[in-house]
Amino acid sequence: LSGSSGFGLCDPRSEKKESPWLASKPTDAEPGTWCMYIARGLCSTPKPSFKGKTELLVATGEDELRLLGTVDAVGSGLVLSEFGSYESGSLSIATVSVWNRILADQELKELFLWDAVTMGCLTAEQKDWFILNRDEPPKRDTTEDEELTSRLTSAASSKSCARLDLSELKIVDSDLPRILDVVEASFGAIDMLDLSSNHISVDGVTKYILPFLKDLTSVFRLSLAHNKDINKDIADDVLDAVLAVPAYIGLTMDCRGTGFQGRAIQKLLNPSPEVADAGLMITKERTRTAAMEATFDAAQATLQEKWATQVDTAVPWPTKGALPVVESATFFLEGDTVSDATAELNALLRKRGKDFTQGASIKETFTNAAAKQSQRLVIKKGPNKVEVTDMETKVVDLTELFDSDYGVENDIKNLLQKGPCDKFPATGKTAEQEQKELRAYLAAAAKCQYDHASGAKFAWPRKQGLPHGAGSGQLIAHFSYLGYSIRPRHHDDFGLEVAIPDSKEVAGTKMTLHEAVMSGKIKIEAASGKSYGQHALHLKLENTTADTLNITVEAGTIFQHGSWVHRQNLMIGRTVHLTLELGQTLDKKLGAFCMNLSCSCAEDDPMMLTAFKLKDRSLLQSQGKVWDFFEGIFASHRAEAGFPDGAKKKGKKGKKK
């Protein structure tokens, strides 16, 4: 060890007493710090000899293990006679170890870590990083932190597709959730994320990046170039994850400068010709969608005016054991004759402790109208008696029936099988009233099927009943009405699937929003919609447990209006991950697509979580594709009902002169 903190080999037999060093390499070691110096001889002969070279290395707190240089000579390995320095007091030696074989770099690192913490040149945290074979990431200063925050804030408020550049900002694994939250919240406005030349590790890729890639619904490019702590051990996992993403999403990754090998790097940059084509296609789709959105935005006043006369009184949310109270709804009863229908309804009422056989009974009322053979019955909230308004329409109060705990069983289902008309009342003098009756019927019938614990299509746990803030029937009623259907259609007819798992048990703290609401771990305190796109859906969720919950709001999750407001229903367009601490109430705005182009935007309207999500995730690439899909379905249903779009109305033929 030379007096200038150099390190080398010296031959005491040298005649150059003034400078006996064969070589000396500066170590740049801080005075007073503990270091480990290594002289590793590499003989070039089969047997130990002086021929070959000696590597001079140093292990320090900052650099771990560093090669200083080489000397073109090797000690014989047979005799080692002297350690020290020609200058007294330069350094003190704590330990000397001699090995009769070559130690690999990893072995030397392990030797260094053996004493590094004890001797004070490494902290316990630094040692943990070194054990993982990684460098400890540098800390950001205040200015760098402000720069990162500024870039994220700017990206979060942008509505145009852009590149979020976070390269060379000392990004570490713990920063990734915050960054990916901003990308998710951008609702596709960020389509390129540059995380190159940072300090992201294998752990960050596995824990955050790969799940994020799995949830993508639109074109995306990601750069992890020159993150040297991403090693080849996870190259296959990353490649599998990227190739599992549908080609239409156009996902590419830049992993140059990591520990990945050439083939993996090339495959991630250019996964397939289909992926390359996806980028071009999405550019055209964005242009097309922008034009559709501009036309739709300009038509808001017209759409509101179109539906103004068809906005009906809201029906309250159903609760456990109770159907919605129907202010006025028209139904047909089963039975070939009025008498059969009367008997059925009386039997239904008697099950609930009601008996209208005395006085002006339902039976007598129907019997008096037998000549008309009418089975039409208007259920209306009012006094507990039968009122005859005319010979065709019977008004009966069934409020207590609908409020009872008996539920919807076969008799109720029969009551709701038929509607008030045999064909959609598109035209005619009474069309407006008939349409109103049809809307009331569709809403009540669909809610009985989807929102009551005894309904045939009820998807939530039947014992708990419908969760607070949830409902699906109004969506089915609305979509059925837009397709001129006279009965509630099946959710399959609209390309929807039930999002609630068959197993009603939810374990652990990671779950979807549907699972969390179903299990009661999350309560929807409020939900409202405003417009569409970024921040369109406002959710207020309460964690009712004593645990921290990680909630996934899946792309394709659907929220409905609660009544006939004739506004856009909303569908989550990008998967969003939420964390709620124990007992926390979280306010969050999520990006959402609007679903039915023929209705105006939501205007801070209350909304409910439906039991559905969209089957075909490829539609979530753009608002235009969502509109095309649902409007196409409604048009096909109208055609089935005998009202094809674009059909010319028949006019009167003129007389020949």
Report the distance from atom CG of D547 to atom OG1 of T509, rounding to the nearest 0.5 Å. 6.5 Å
Is there a side chain to side chain contact (heavy atoms under 4.5 Å, CB included) between H514 and W460 once you walk through the steps? CA-CA 9 Å; H514 283 98; W460 305 91; 3.9 Å; yes
Look up atom CD1 in I179 and atom CD1 in I200, then write down how far apart they are to the nearest 0.5 Å. 6.5 Å
Under 4.5 Å between any side-chain heavy atoms of V242 and P271, yes or no? yes
Side chain to side chain contact (heavy atoms under 4.5 Å, CB included) evaluation trace for F220 with L193: CA-CA 8 Å; F220 198 77; L193 177 60; 3.7 Å; yes
How many angstroms lie between atom CG of L537 and atom CZ of F559, to the nearest 0.5 angstrom? 5.0 Å
Calculate, to the nearest 0.5 Å, the distance between atoms CG and CD belonging to L570 and Q560 respectively. 11.5 Å
Is the count of non-hydrogen atoms from other residues, nucleotides or ligands lying under 6.0 Å from K510 atom NZ greater than 12? no
Less than 4.5 Å apart, side chain to side chain, heavy atoms only: is that true for T610 and H491? no
Between E293 and T289, does any side-chain donor sit less than 3.5 Å from a side-chain acceptor? no
Just checking F296 against Y532, ring centres under 6.0 Å apart? yes
Using only atom types and a distance under 3.5 Å, with no angle test, would you say the side chain of D194 pairs donor to acceptor with the backbone of L166? no
With a 4.5 Å heavy-atom cut-off, do Q300 and L303 have their side chains touching? yes
Between the side chain of N231 and the main-chain N/O of D233, is any donor-acceptor distance below 3.5 Å? yes
For L496 and L475, run side chain to side chain contact (heavy atoms under 4.5 Å, CB included): C-alpha distance rounded to whole Å, both residues' side-chain angles, the deciding distance at 0.1 Å, then the answer. CA-CA 11 Å; L496 309 180; L475 179 82; 3.9 Å; yes
Enter the distance from T544:OG1 to L582:CG here, rounded to the nearest 0.5 Å. 11.5 Å
So do the side chains of K214 and T575 get within less than 4.5 Å of each other, counting heavy atoms only? no
Solution key, residues 585-598 side-chain donor-acceptor pairs under 3.5 Å, sequence neighbours excluded:
{"from": "D587", "atom 1": "OD1", "to": "H538", "atom 2": "NE2", "distance (Å)": "3.0"}
{"from": "N596", "atom 1": "OD1", "to": "N569", "atom 2": "N", "distance (Å)": "3.3"}
{"from": "N596", "atom 1": "OD1", "to": "N569", "atom 2": "ND2", "distance (Å)": "3.4"}

Checking the side chain of D605 only, and the main-chain atoms of E603 only, is there a donor and an acceptor separated by less than 3.5 Å? yes
Side-chain donor-acceptor contact under 3.5 Å, R574 with T217: yes
Are Y248 and R617 packed together at the side-chain level, in the sense that at least one heavy-atom pair is separated by less than 4.5 angstrom? yes
Side-chain donor or acceptor of D115 paired with backbone N/O of T118 under 3.5 Å: no
Heavy-atom check, side chain of S218 versus side chain of I282, under 4.5 Å: yes
If only atom types and distance count, is the side chain of S154 paired as donor or acceptor with the main-chain N or O of S150 below 3.5 Å? no
pair L222-I209: side-chain heavy atoms closer than 4.5 Å: yes
Check the pair F260, I234 against side chain to side chain contact (heavy atoms under 4.5 Å, CB included), reporting the backbone distance first and the verdict last. CA-CA 8 Å; F260 291 7; I234 61 163; 4.1 Å; yes
Separation between CG of L152 and CG of L169, rounded to the nearest 0.5 Å: 9.0 Å
D175 (side chain) donor-acceptor with V172 (main chain) under 3.5 angstrom: yes
Out of D173, D229, T206, which one pairs with S201 under the side chain to side chain donor-acceptor pair (under 3.5 Å) rule? D173
Check: T295 side chain, A291 main-chain N or O, donor-acceptor pair, under 3.5 Å: yes
Could you check V553, T552, I551 and say which one makes a side chain to side chain contact (heavy atoms under 4.5 Å, CB included) with H577? T552
Can you find a pair of side-chain heavy atoms, one from K613 and one from E497, that are under 4.5 Å apart? yes
Parallel, tilted or perpendicular: ring planes of W564 versus H478, cut at 30 and 60 degrees: perpendicular
